[in-house]
Amino acid sequence: MDRQELSALAHANHPIYAPVSDSRVDDLLARTVRRPDAHVLDLGCGKGEWLLRALRTYPAITAVGVDVSSEGFGSTRESATRLGVADRLELITQDVKEYRSSCKADVVLSIGAAYAFGELLPTLRAAREQLGDDGMFLLGDCFWEREPSPELLEEMEGAGPQRFTDLPTLVDNVVADGWTPVFQYVSTQTDWDDYEWSWVGSLADWALDHPDHPDREQLLRVSAEHRHRYVHGYRGVLGFVFLLLRRS
Ligand SMILES: C[S@@+](CC[C@H](N)C(=O)[O-])C[C@H]1O[C@@H](n2cnc3c(N)ncnc32)[C@H](O)[C@@H]1O
């Protein structure tokens, strides 16, 4: 099974790529989308699930999603058509670091995509550049809930440019950059378990349901590796926070 098929299967039961429940997504959107005709920009939109939910709930908003990968865009467009919101959604395949638009957004979302900018400060800068006056920025990012072991630190930060901090430092860094947080939601352990076990379980279930399939062993192995990384590694150590930000 190639990476795209595997990813689609792993996320089938949890289409938002972040540890957060459906009801909390609705709540976060309600706090963030404050104008009926808001223009919403999602930087690192993945399959555009946040935008689809916003478009479905708020019938006069418009939305643009930007992602370097267009892997999921086909199914996103199909969903948008089925929901009757396709004429209000634009999907752009581009590196977020290069994305520029003259159309300022009322809402910027960037959920689990700060690594795309390298780290937090460039993410905040990109949001600031794209936001109109009095716009709302919903940031979703990881932090260290507990001190990571050297092995976990190497695994999570070794490969990429992003360095996580603890939550107070993350909030202080955001404030020092000229933002005022107006809401915070920290993913619960249940949010995390739902997210990670949707991933692990979808692959394992599929493999066990297809005993004669040639991809069975691959899926069992990938599922087991992910399960091991989670339960022996970052469960309870890595946190995820949503911060709703306005410019100070
Ligand atoms: C963890 S996923 C989050 C997706 C989405 N925000 C969500 O919550 O469902 C991170 C996304 O960032 C995208 N991404 C990574 N690097 C990027 C880049 N340089 N430019 C644009 N998107 C990028 C990935 O393709 C992926 O879809």
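One-based numbering, in listed order, for ligands and for the atoms of each.
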**Student:** So, is Tyr17 polar-close to ligand 1, with some N/O to N/O distance under 3.5 Å?
**Tutor:** yes

**Student:** Closer than 4.0 angstrom: is that true for some heavy atom of Tyr115 and an atom of ligand 1?
**Tutor:** yes

**Student:** What are the atoms of ligand 1, with element, lying closer than 4.0 Å to any heavy atom of Gly112?
**Tutor:** 1 (C), 10 (C)

**Student:** Only heavy atoms of Gln94, strictly under 4.0 Å: list the atoms of ligand 1 that pass.
**Tutor:** 20 (N), 21 (C)

**Student:** Would you check the N or O atoms of Ser69, main chain and side chain alike, for any that come under 3.5 Å of an N or O of ligand 1?
**Tutor:** no

**Student:** What atoms in ligand 1 come closer than 4.0 Å to a heavy atom of Trp50?
**Tutor:** 7 (C), 8 (O)

**Student:** Can you spot which of His14, Arg227, His226 makes a side chain to side chain donor-acceptor pair (under 3.5 Å) with Glu196?
**Tutor:** His226

**Student:** Within a distance under 4.0 Å of any heavy atom of Ala116, pick out the atoms of ligand 1 and give their elements.
**Tutor:** 15 (C), 16 (N), 17 (C), 18 (C), 19 (N), 23 (C)

**Student:** Say whether Val68, considering both its backbone and side-chain N or O atoms, lies within less than 3.5 Å of an N or O atom on ligand 1.
**Tutor:** yes

**Student:** Work out whether the distance between some heavy atom of Lys47 and some atom of ligand 1 is less than 4.0 Å.
**Tutor:** no

**Student:** Please check whether Ala113 reaches ligand 1 - meaning an N/O of the residue sits under 3.5 Å from an N/O of the ligand, judged on distance alone.
**Tutor:** no

**Student:** Counting from 1, what ligand 1 atoms have a heavy atom of Ile111 closer than 4.0 Å?
**Tutor:** 3 (C), 5 (C), 6 (N), 8 (O)

